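Predicted model, so just to flag it, every value in this text is computed and none were measured. Throughout, protein chains are lettered first and strands after them, A, B, ... in sequence-line order, and every chain is numbered starting at 1.
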Amino acid sequence: MPKAYKPIDHEDRIRARWDSAKAFHADPTRVTSGEARPYSIVIPPPNVTAALHLGHALNNTLQDVLVRAHRMMGYETLWMPGTDHAGIATQAVVEKRLRKEGKLKGSLRQNYSRDQFVADTQAFKDEYEAVITDQLKRMGCSCDWDRQRFTMDDVCARAVREAFFRLFRDGLIYRGKRLVNWDPALQTAVADDECEDEEIDSFFYYLRYPLVHEDRQKSADASRQQAEDAQPVTWNELAARGYPGADQHPAEEEAWVTVATTRPETYLGDTAVAVNPHDPRAKALRGLFVELPLVGRVIPILEDSYVVLPKAMARSEEEANDPKAEFATGFLKVTPAHDPNDYEIGRRHSVDGAMQEWSQARGRAVMVNMFAPDGTVSDRHGWSDVGDAKMLVGLKRQDARKKVVEEFKARGLLEATRPYRHSVKISDRSKAIIEPYLSDQWYVKVTDPRLAESANRALAGRHQGTEASRHQGKADGDGALQFHPARYAKTYEQWHDGIRDWCISRQLWWGHRIPVWHRRIDLATAQADNFFTEQCDEALEGNHHGCYGIAVDVATGAIIPPGDLYPLDSSIGMHRLPRAGLIDVFICDIVETDWSPAGFVLDPDVLDTWFSSALWPMSTMGWPDPEQAAKDTGIRDMKDMLAAFNPTTTLCTAREIITLWVSRMVMFNRYLMGAGQGKGPVPFRNVFIHAVIQDGEGRKMSKSLGNGVDPLDIIATHGADAMRFTLCQMATNTQDVRLPVVKDSATGKNTSPKFDLGRNFCNKLWNAARFAVGILTAAPAAASRGGSAAPVSAKSLSLIDRWMLSRLQAATAEINSAVEHFEFSLYAQSIYTLLWNDFCDWYLEAIKPTVAEDANQRAVLRSVLDAILRILHPVAPFVTEAAYETVGTLPAAPVAGLRLDAPRKSGLLATAGWPVIDASLRDEAAEREFSQLQGLITAIREVRAQHQVAPKRKIVLHVPAHVAEHWRHHAVTLATLAGLETQTTDAPSGSNVVFTFEAREYAVSNLADAAAVDSGAERARLEKIIADSEKLIAVLEGRLANPGYAQKAPPHMVQQTKDQLAKAIAERSAAAESLKKLGS
RNA sequence: GGGCGGGUAGCUCAGCGGCUAGAGCAUUCGCCUUACACGCGAAGGGUCCGGGGUUCGAAUCCCCGCCUGCCCA
């Protein structure tokens, strides 16, 4: 074995051995046959948008630790790998790339073919999927690579279509016109989590809207000419109506109200002005209208308590302290199609009251959409009464804003402009400002109890009310889900309590096409238009395989049952003529029928990426048709995967994913699997949420900050194991962990000094193994390979060997518990202490003089080293496997109580048995005795260091006569580790140093050739001992002097304190005695 | 606004009712002691954020405050 462990010399070779042995291939039949218990994890599929970063490295390292440990523990272990198509992210990246390459100019939709774009993106995906897979392999991830999936491959696509179909059929997917977050650059709806809030410096604009009377009679039949119909209201009249402050204005002039807005351009879409009912001006305004300048639209004034009262009118301190009160005028322009709050106001008031009356009387829309999908002002998407505002049409939002402000100013209607800092929503992908936009979208009705409520019922600990409910629950998958750390269950639960329906359509090209065909038809002409084909009838009646249709009344939005649509007249055996009216017919088709000959159009949109991700624990295992999946992939045992591995054991992910992904997987798995209807099994029993890695300043690692660390750079410089060990060591149960980032001056790449820890540790292991191999090669542990020698019994072993086995037993127990409880940092800490401090610093040093002669000791050395390699393997798979290539060939002599099962595949450590160590090997007496020995050795070393005794010099230890017999048993160890020539009970003659150990006086002599002993240093040393003892004595005496202590503290505590005090006093007097001698 | 973390040695973190509060890195001193200088031996270094309370006893539990980070609206 070479002197230093160089990862680069081993990692590729080791990986190739694992691959060729199919060491990580999971066999579902071993589970279904009952031969082995399952352990399974599905990888959170990385986006194919970019290479993996350090967060992925952490996430995947932790999964691999779990997976490797359980594989060794004998579970049939599956780690399912794969990647995610990441719709919007990937589309944005590819679009940007095409522009950079000059292949795309202007609008993607108008200047590029959809098929070509999908092909380009597919190529991009192939490229990055390969990069990602390579990265995972380099990290040592023990995934079942033969089963790798992609969220858009055939198997997963079938799952998506089937899930959509079932949800659609069961009424859990619907289409609706709602206000969504619209990205005008990418021209698609985006989810809240695809946006960020950003503070910007902007303005509040104060716009005056002239008050008018509406001329009902004329307007009813001539709404286009409202401008002329409306009659101005004067201040005089307002004063007469009791409007406070109206008399401050010239009596005959036209009156107005002032609205405050940060987005003046949206006034084109205003359909009301709202005032708080508690506003003293409200009453005087009842029945009045305002007229929008330029547009000429006359809109009602309505009362809604959502409106913030101006500070001066605040009725409570709370209202006065509302930062908006500072800027409010008390009048709110209501733009339902372009603001979420206004949308709600619009909805509230279009049910009854002023707005309903207004909209019905005039046939006006409450929602006026004045933007095109690209964010320019448009009169073609729901805005018709343009009037004199024609000049604004076609302008971008910013330009429109300028123009509107200018026009108001020119008319004396701009009252003021005040600087205001507020936050706006920015699209993550395009950085465009999000526009609330009214559009037709598909929704999953997650608010249905069969989904959201089912997800919460899955939580463990929720159903502890009654024995019956708990019992009943388990069978359903209720109560089967557990979070680690447990506090995250709250996040999950609260999310479902406040959940809103999930918008699943995206106006993108990259993704799963929504499998719905649409046709709008007038029932009056339906028969003539050949609408009622047999196929169509069957779809609407739900009789056509793989097709399910619904008809929606365009006017009311209500679903029309097929029976109502064209009732069958049984007397003549034919359909009667259908009723009249416009209907929308939607046919969900997952057998890929071409409905275009029947006049249908396939929905152009794709599904939100999370829709396919939500099916991941099912789709990767062949749902809904495992037999077909087996045929498609050529993997025969694919048909058994669901039965063997779903529910999976654990999902390993980050915090923000709880709402995005965890929730949806639970809902879908429970709805679509097993008993279904929300009563099916959970997709995983445990959710482990790990920390987020930040840089040294507590900032997120990001490309724009340039503070990211590339896992491949660390693997290149430190090795995969070093990276993994360090990441594990950092993985505590807190929310985030910091990793100081520095730029390597040689390479210019980001790295962190923390990774040295892992590298040093791997090298330490390598050298310990190398040393042991040297010893065991010279003199094997057992006479012959595979010899039937009886196991070495701990009873026949030396103290040092019993101590080592005891330490190994304790550490293994600690690690077993750490694995079970997701305590990765503790795992790393335990193995570090075991290997470095116990095994290397003490055990290997202590056995040097004896191991060549002691076959039993060699048996222990061989076994302990083997066990260490095994328990370290999940964290550092490469270096342990590499060491095992040699260690595994050494003849072994078994140690009683320590079971080390042979590897299952090709002699690979990765498939070897996890050490099973009998509790009887725990030897507390040996630990106590050895720790005392360590104490004396340390005390001697301290004196040596203090007196600058040459490291190679052998010194003489003078021990008190009554403990001489005791230390004689440890003479060899003492001599080796403390550098003794001999130990004696004789008093030192000549130059020497006296020291105390366990309150007894010892001495060392022969420290130097010259007789000089530095009495100053010795004095300082003793004085420090005295000072420390005194500090301790004061503390302990104080504790005992406290009357409550003796009475209330447990007796063993009191006794312990007394013992400590006695010891401290003895320590102090011994040191004082020595000091006195030194002084004389 | 609601929820959840963190504040302990110069740095990164353990400890979460009772060890004179620990580890790694960094620092200082001495060593190329034939496994390892990616190493060995030794040392120095802390009003455990502040203030109250509970308790015989608080870094640890409770309350208030300050700072800091994240998630969801």
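- As a whole-Å value, the separation of Arg500(A) CZ from C72(B) C1' is 11 Å.
- In this structure, the CG atom of Asn837(A) is 11 Å from the C1' atom of G24(B), given to the nearest Å.
- A sub-4.0 Å separation between OP1 or OP2 of G57(B) and a side-chain N or O of Arg1039(A) is absent.
- Partners of Phe878(A) by ring-ring contact (aromatic ring centres under 6.0 Å, His included), not counting sequence neighbours, listed by chain and number: Trp18(A).
- Within 6.0 Å of NZ in Lys848(A) there are more than 12 heavy atoms belonging to other residues, nucleotides or ligands.
- The side-chain contact (heavy atoms from CB on, under 4.5 Å) check on Asp744(A) picks up Ala746(A), Thr747(A), Thr751(A), with sequence neighbours excluded.
- Across all strands shown, Leu757(A) has heavy atoms under 4.0 Å from sugar-phosphate atoms exclusively, and none from any base.
- U27(B) is paired with A43(B) under the criterion used here, namely a Watson-Crick or G-U wobble arrangement in which both key atom distances are under 3.5 Å.
- Contacts of Ser830(A) classified as side-chain hydrogen bond (donor to acceptor under 3.5 Å, both in side chains), with partners at least two apart in sequence or in another chain: Glu814(A).
- Close to C19(B), at under 4.0 Å from its OP1 or OP2, lies no side-chain N or O of Lys1063(A).
- Taking the side-chain hydrogen bond (donor to acceptor under 3.5 Å, both in side chains) definition, one finds that Thr1057(A) meets it with Tyr1045(A), sequence neighbours left out.
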statement: With sugar-phosphate taken as primed atoms, P, OP1 and OP2 and all else as base, the protein-contact string of nucleotides 36-44 of chain B at under 4.0 Å (heavy atoms; B, S, -) is BSBSSSSSS
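- Distance check on atom C1': G53(B) versus C71(B) gives 32 Å, rounded to whole Å.
- Separating the C1' atom of A21(B) from that of G2(B) is a span of 36 Å, rounded to the nearest Å.
- Separating the CD atom of Glu656(A) from the C1' atom of C72(B) is a distance of 12 Å, rounded to the nearest angstrom.
- C11(B) and C48(B) have their P atoms separated by 15 Å, with the value rounded to a whole Å.
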field: Under 4.0 Å protein heavy-atom contact, by nucleotide of nucleotides 1-6 of chain B - B base, S sugar-phosphate only
entry: --SBSS
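- Closest to the Pro740(A) side chain, of the nucleotides C11(B), A35(B), C13(B), is C11(B).
- Across all strands, Pro1043(A) comes closer than 4.0 Å to no nucleic acid atom at all (heavy-atom distances).
- Rounded to an integer number of Å, the gap from CE of Met1053(A) to P of C19(B) is 7 Å.
- In this structure, His821(A) has no ring-ring contact (aromatic ring centres under 6.0 Å, His included) partners at least two apart in sequence or on a different chain.
- Summarising the geometry, the separation between OH on Tyr1045(A) and P on A58(B) is reported as 12 Å, rounded to the nearest angstrom.
- Not one side-chain nitrogen or oxygen of Gln1060(A) sits closer than 4.0 Å to the OP1 or OP2 atom of C19(B).
- In this view, Phe771(A) satisfies the ring-ring contact (aromatic ring centres under 6.0 Å, His included) rule with no residue, not counting sequence neighbours.
- Rounded to the nearest Å, the gap between the P atom of C70(B) and that of C31(B) is 49 Å.
- Nucleic acid contact class of Trp766(A) (heavy atoms, under 4.0 Å, all strands): none.
- For Thr653(A), there are no side-chain hydrogen bond (donor to acceptor under 3.5 Å, both in side chains) partners, not counting sequence neighbours.
- Between Phe771(A) and Ser1029(A), the residue whose closest nucleotide on RNA chain B is further toward the 5' end is Ser1029(A).
- Close placement of the His484(A) and Phe822(A) rings is indicated, their centers lying within 6.0 Å of each other.
- Counting only residues at least two apart or on different chains, the salt bridge (Lys or Arg N to Asp or Glu O under 4.0 Å) pairs with a member in residues 713-735 of chain A are Asp64(A)-Arg724(A), Asp713(A)-Lys749(A).
- Across all strands shown, nothing is found opposite A35(B) as a Watson-Crick or G-U wobble partner with both distances under 3.5 Å.
- Atoms CD (Gln729(A)) and P (C11(B)) sit 17 Å apart, rounded to a whole Å.
- As rounded to the nearest Å, G3(B) and G18(B) have P atoms that lie 30 Å from one another.
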- prompt: Should Tyr827(A) and Tyr832(A) be marked as a ring-ring contact (aromatic ring centres under 6.0 Å, His included) after you check the CA-CA gap, both sets of side-chain angles, and the distance that decides it?
  reply: CA-CA 8 Å; Tyr827(A) 184 156; Tyr832(A) 187 97; over 10 Å; no
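- Applying a 4.0 Å cut-off to non-hydrogen atoms, none of the residues of residues 716-728 of chain A approaches RNA chain B.
- Atom C1' of nucleotide C13(B) and atom CD1 of Ile693(A) are separated by 14 Å, given to the nearest angstrom.
- Nucleotides G22(B) and U33(B) have their P atoms positioned 32 Å apart, rounded to a whole Å.
- Applying the ring-ring contact (aromatic ring centres under 6.0 Å, His included) test to His10(A) and every residue at least two apart in sequence or in another chain returns Tyr5(A), Trp766(A).
- When the nearest nucleotides of RNA chain B are assigned to Pro951(A) and Lys1031(A) by heavy-atom distance, the more 5′-ward of the two goes with Lys1031(A).
- Of all nucleotides listed (G24(B), G69(B), C72(B)), G69(B) comes nearest to the side chain of Gln694(A).
- In this structure, Arg500(A) places its CZ atom where only 12 or fewer heavy-atom neighbours from other residues, nucleotides or ligands lie under 6.0 Å away.
- Spacing between G46(B) and U8(B) at atom C1', rounded to whole Å, works out to 7 Å.
- Applying the Watson-Crick and G-U wobble criteria (two distances, each under 3.5 Å), G5(B) pairs with U68(B).
- If you measure from atom NZ of Lys754(A) to atom C1' of C11(B), you get 9 Å, rounded to the nearest angstrom.
- The gap from the C1' atom of C19(B) to that of C62(B) amounts to 26 Å, rounded to the nearest Å.
- Under the Watson-Crick or G-U wobble criterion, with both distances below 3.5 Å, A21(B) has no partner in any strand shown.
- The residue Val949(A) sits apart from the nucleic acid: no heavy atom pair falls under 4.0 Å.
- Two rings, from Phe930(A) and Tyr843(A), have their centers 6.0 Å or more apart.
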